Student: 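Sending over a structure as structure tokens; questions will come in a sec.
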2 protein chains.
Amino acid sequence: MKEIAEAAGVSISTVSLVLNGRDEGRVKAPLAALVREKADELGYTVNPLARSLRTCRTRILGFISEEVATTPYAGGIILGAQDAASTYGYMIITVSTDGRASEENEIATLKRYGVDGFFYSKMSNRIASVPASLGDYPVVMVDATDADNQIPSIEPDEFQIAYDATKRLIQADCKRIAYIGCSENMIAQDGRFAGYQAALQDSGFAYDPSLVCNVLNNGPALRAVDKLFDERNPDGFFCFNDARAWYVYECAARRGLTVGKDVSIVGVDNHRVFAETLEPQLTTVELPHYEMGYWAACKLISMIERKPVDSSSWPNTTAPMPPLDSPIPAKIHCALIEKGSVRS
Amino acid sequence: MKEIAEAAGVSISTVSLVLNGRDEGRVKAPLAALVREKADELGYTVNPLARSLRTCRTRILGFISEEVATTPYAGGIILGAQDAASTYGYMIITVSTDGRASEENEIATLKRYGVDGFFYSKMSNRIASVPASLGDYPVVMVDATDADNQIPSIEPDEFQIAYDATKRLIQADCKRIAYIGCSENMIAQDGRFAGYQAALQDSGFAYDPSLVCNVLNNGPALRAVDKLFDERNPDGFFCFNDARAWYVYECAARRGLTVGKDVSIVGVDNHRVFAETLEPQLTTVELPHYEMGYWAACKLISMIERKPVDSSSWPNTTAPMPPLDSPIPAKIHCALIEKGSVRS
DNA sequence: CTGAAAGCGCTAACAC
DNA sequence: GTGTTAGCGCTTTCAG
């Protein structure tokens, strides 16, 4: 920067002004152009550290997650957040925590590094409260929401997911649609079960409790599904998660039935729906993880910079874009998007 | 820091000396103690940004990956790297790239942020070359290696993985052990196939080519496995990956055979082995992802600080710890570790 | 053994 | 319009 000033025959502050785009009406155009030219020649790049020492802005975002780094879906979210951050000139430091103590630790470290704001994510653990230590920082919750709706969040819409998934089975011409759920009290269970019922009802199907099979794991679960097969002979299955879908696959195979041909499955997961149905065939339907991350980052950056995000440069996606500029706190619910074949 | 100096009645430089542990033989012990006490009282934490402005050391590490963020295994690696980094007072900025251009971009950004060193990872793409732009930075390759062995790396040992997995089938008392491989030319294929053969040979089994079944995907693959079942009736299966294991599960189910009871499977993946065998039963065997990340970070930090890593504080793990202090470049090959039940 | 002083690269008042 | 100046918080010679 000093070199540029010398090369252009101006002072350092002029260079600073120009390079920060604050020259409008302060530095004469030709001079500004000269400065820019010299800067280019010398291959100047800002030193963000030095800058942040003055500005108290680092353009670094902290991503706090419990287990985010251990699911493939989380990766997509972080990827999206990183891309968005990168677009706006930010970087993300991701930290994973296990338990309160380490969380506070990581937060403290992140603060020392001067992050401008935080993502706070709890994978598939939807109601959470943001630690007090994040108090006066901009925060966006990802795949989680706070009890009193104070914090902007982006999270899956369990009801809609199950609704769409069930509709898919109906489209595939299934007549006896089973619900293979979880007998543990999962947070997602209520919304999904309601979505299943609503989809049936909206399509003129009567809800039949004998088609509902809430199971735990392993042998007993497998036998319960086996029994359901024998007694009700379902031709469509809504599965709460992968493990439950597995039982259906196994039972079908034992009967010589092929999933995707003789019976249809739509399996949900915390972050994904996979479907093997006759028509449409062999597709996976997922939450727009990448986009969730992208949106979350845009939201966070807009909070930091106190200006609306520019949605024109958003990624090409089939995911419906939620309105991000709604007043804070905004709750964004995600729908599902198509993702290609389930078998690779 | 100024406040501490005032409170303790010393100068700022003394405070700096003490707080950086460079007081030995320079500042009198009681004075140093006083400084430390005041620092505690005032809740002092260093400002890493200001510090790095002087030292040209940020204690930030850059993690460059292509698709690292999209596999669950990658998450484990990053997690381990982060934990190690955190232990030594470092942070990690992870960037994901797609293609050369964006990679160079991310590298440039990371450099501007003053990272002290780089992880360079290419998931399951084992031979790679580190971009020239990383030239004079400390670099550790993760799950990749360079052609001319110039860069320290940590990567899976395909031969050993397949060897161990096959041994497992032998332990489970399998007599006709099939190899379900990949007819595409995968990098991992050679090592794994060799490991399979070596394990058989070492246990006194004759290698039987008719038990080898290299397939592609979908219907044809399924039929090929079906044929193998009919013709050779294997009781143990080494599967190159998940997809291949799936065909075996399907074929077994159709014959009323239960995997883990009637037949045994050991399935490998780029990063994981899962086994369903009679004895030992229902276990997953994985690469020590977490540890890989941990070790990689230790290695990188030791390169940055030009001193051997302290391995006494390493994470509790059943994974065999590789020697990290071998001369650079060190190639670290990972073995497998037990991980609990395959079905949750 | 301790303190004074310079400066890392940049920004932002405030003069000129 | 442009330059001067004073730091941001810390480290590091170099005197004393």
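What's counted below: heavy atoms across the whole structure, side chains too, no hydrogens, waters or symmetry copies. A, B, ... follow the sequence lines: proteins, then strands. Residue 1 opens every chain. No experiment lies behind these values; they were computed from the predicted model shown.
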Student: For the pair made of CZ in A/R57 and C1' in C/dA12, what is the distance, rounded to whole Å?
Tutor: 15 Å

Student: Listed by chain and number, what are the ring pair (Phe, Tyr, Trp, His ring centres under 6.0 Å) partners of B/F119, not counting sequence neighbours?
Tutor: B/F63

Student: Do B/E104 and B/S133 get their side chains close enough for a donor-acceptor pair, meaning under 3.5 Å?
Tutor: yes

Student: Kindly give the atom pairs (protein nitrogen or oxygen, nucleotide nitrogen or oxygen) under 3.5 Å for nucleotides 12-16 of chain D.
Tutor:
unit_1	atom_1	unit_2	atom_2	d
D/dT12	OP2	B/R22	NH2	2.9

Student: Please enumerate all residues that pass side-chain contact (heavy atoms from CB on, under 4.5 Å) together with B/R112, with sequence neighbours excluded.
Tutor: A/T45, A/V46, A/P48, B/T109

Student: May I have the distance from A/D23 (atom CG) to C/dT11 (atom P), rounded to whole angstrom?
Tutor: 13 Å

Student: Report the residue from B/V139, B/T145, B/L134 that forms a side chain to side chain contact (heavy atoms under 4.5 Å, CB included) with B/I151.
Tutor: B/V139

Student: Hey, can you pull the residues of residues 45-53 of chain B with a non-hydrogen atom under 4.0 angstrom from DNA chain C?
Tutor: B/L53

Student: Just to verify, what does A/E103 make a salt bridge (Lys or Arg N to Asp or Glu O under 4.0 Å) with, not counting sequence neighbours?
Tutor: A/R100, A/K122

Student: With a non-hydrogen cut-off below 4.0 angstrom, is A/G9 in contact with a base, only sugar-phosphate, or nothing?
Tutor: sugar-phosphate

Student: Looking at every non-hydrogen atom in both residues, tell me the closest pair between A/I64 and A/T97 and how far apart they are.
Tutor: CG2-CG2, 4.3 Å

Student: Identify, with sequence neighbours excluded, every residue that meets salt bridge (Lys or Arg N to Asp or Glu O under 4.0 Å) alongside A/K307.
Tutor: A/E305

Student: Mind running a 4.0 Å heavy-atom check of residues 28-37 of chain A against DNA chain D and sending the residues that fall below it, in number order?
Tutor: A/K28, A/L31

Student: The side chain of B/M1 lies closest to which of these nucleotides: C/dG3, D/dC10, C/dC10?
Tutor: D/dC10

Student: Starting from P on D/dG9, measure out to CZ on B/R59 and report it in whole angstrom.
Tutor: 21 Å

Student: Atom CD1 of A/I4 and atom C1' of C/dG9: how far apart are they, to the nearest Å?
Tutor: 12 Å

Student: Measure from CD on B/E6 to P on C/dG3 and round the result to the nearest Å.
Tutor: 13 Å

Student: Over how many whole Å does the gap from B/K2 atom NZ to C/dG3 atom C1' extend?
Tutor: 16 Å

Student: How would you list, by chain and number, every residue that makes a side-chain contact (heavy atoms from CB on, under 4.5 Å) with B/D23, sequence neighbours excluded?
Tutor: B/V18, B/V27, B/A32, B/R36

Student: How sharply is the helix from C/dC1-D/dG16 to C/dC16-D/dG1 bent, taking the axes over five pairs at either end and rounding to 10 degrees?
Tutor: 50°

Student: Are there over 12 heavy-atom neighbours, none belonging to A/E3, within less than 6.0 Å of that residue's CD?
Tutor: no

Student: Can you list the residues that meet the ring pair (Phe, Tyr, Trp, His ring centres under 6.0 Å) rule with A/Y90, with sequence neighbours excluded?
Tutor: none

Student: If you measure from CG on B/D116 to CG on B/L110, what distance do you get to the nearest 0.5 Å?
Tutor: 11.0 Å

Student: Which residues satisfy the side-chain contact (heavy atoms from CB on, under 4.5 Å) test with A/S16, sequence neighbours excluded?
Tutor: A/M1, A/N20

Student: If the condition is side-chain contact (heavy atoms from CB on, under 4.5 Å), which residues does B/A50 pass it with, not counting sequence neighbours?
Tutor: A/L53, B/N47

